Amino acid sequence: MAGSAMSADARRYWLLKSEPHVFSIDDLKAQGKTPWEGVRNYQARNSMRDAMKVGDLAIFYHSSSDPSGAAGLAQVCSAPYPDPSQFDPKSPYYDEGSPREAPRWILVDVAFVEKFAALVPLAALKADPALKEMLVVQKGQRLSVQPVSPPHFARVLELAGSRRAAEVARG
DNA sequence: GCCAACGTTGGC
DNA sequence: GCCAACGTTGGC
């Protein structure tokens, strides 16, 4: 009991990938919040289902873009619930094998927090010695929902010139 | 557009 | 349970 409370309740940090031509940080800003639908990878789902908490912060990452990179900040704003798109035959994310009574795909809602003054390109993340171990800079890393360590998260915010950098670094 | 890396599927 | 084939991701 004693000693476990702090780590269990500590805010966690994430990175969410999105192709900006599908859904960008500007789209999130315009909508205010959105269900993070379409995740069809079990490891990414497990993060949303088991580990994310309301209030967690996430780097909003633009993938398959020119350039790709960290575009802004989002915040988890709901408990996990079934991704409605898995049951929608018209959705590109439809999964006919997902049972209604035991939905396969779970998501959370995320809210807009901040758009970085300038996108931090992947090349800049790769060039930073402090981010050498960060998942997103690793070769072949395709996971679309990634955990980010607090120091890495704080460093990305610092590179982005975010006013929240100091706050995050404090924990 | 190419292709390396990765996850999933399905035959055996 | 192995592993080849396949589909997808995503940087370049």
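It should be emphasised that the depicted structure is a prediction, and the values quoted were computed from it without experimental measurement. Below, chain A is the first sequence line, B the second, and so on; all start at residue 1.
A/Glu19 and A/Ser63 form no side-chain donor-acceptor contact under 3.5 Å, judged by distance and modelled atom types alone.
Aromatic ring centres of A/Trp36 and A/Tyr81: separated by at least 6.0 Å.
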N/O to N/O distances under 3.5 Å, protein versus nucleotides 8-10 of chain B:
none

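A salt bridge is absent between A/Arg104 and A/Asp83: the closest approach of a Lys/Arg side-chain nitrogen to an acidic carboxylate oxygen does not fall below 4.0 angstrom.
Contacts of A/Ala51 classified as side-chain contact (heavy atoms from CB on, under 4.5 Å), with partners at least two apart in sequence or in another chain: A/Arg12, A/Trp14.
Put simply, the side chain of A/Thr34 does not reach to within 4.5 Å of the side chain of A/Asp109, judged on heavy atoms.
Looking at heavy-atom distances under 4.0 Å, A/Ser68 makes contact with sugar-phosphate atoms alone, never a base.
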* Start with the C-alpha distance between A/Val110 and A/Leu16, add both sets of side-chain angles, then the distance that settles side chain to side chain contact (heavy atoms under 4.5 Å, CB included), and finish with yes or no. => CA-CA 10 Å; A/Val110 303; A/Leu16 300 173; 3.9 Å; yes

For residues 65-72 of chain A, dump all side-chain donor-acceptor pairs below 3.5 Å to protein atoms at least two apart in sequence or in another chain.
{"from": "A/Ser68", "atom 1": "OG", "to": "A/Ser64", "atom 2": "N", "distance (Å)": "3.3"}
{"from": "A/Ser68", "atom 1": "OG", "to": "A/Ser65", "atom 2": "N", "distance (Å)": "3.1"}
{"from": "A/Ser68", "atom 1": "OG", "to": "A/Ser65", "atom 2": "O", "distance (Å)": "3.4"}

Identify every side-chain donor-acceptor pair in residues 112-124 of chain A under 3.5 Å, counting partners at least two apart or on other chains, and give the distances.
{"from": "A/Glu114", "atom 1": "OE1", "to": "A/Ser162", "atom 2": "OG", "distance (Å)": "3.1"}
{"from": "A/Glu114", "atom 1": "OE1", "to": "A/Arg164", "atom 2": "NE", "distance (Å)": "3.3"}
{"from": "A/Glu114", "atom 1": "OE2", "to": "A/Ser162", "atom 2": "OG", "distance (Å)": "3.2"}
{"from": "A/Lys115", "atom 1": "NZ", "to": "A/Asp26", "atom 2": "OD1", "distance (Å)": "3.0"}
{"from": "A/Lys115", "atom 1": "NZ", "to": "A/Asp26", "atom 2": "OD2", "distance (Å)": "3.4"}

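Of the inter-residue distances, the one linking A/Arg11 atom CZ with A/Gln75 atom CD reads 6.0 Å to the nearest 0.5 angstrom.
Near-neighbour residues of DNA chain C inside residues 119-132 of chain A, defined by a heavy atom below 4.0 Å, number-ordered: A/Leu122, A/Lys126. Remark: A/Lys139, A/Gly140, A/Arg142 in residues 135-149 of chain A come within less than 4.0 Å of DNA chain B through at least one heavy atom.
The number of heavy-atom neighbours closer than 6.0 Å to CD of A/Gln31, taken from other residues, nucleotides and ligands shown, is above 12.
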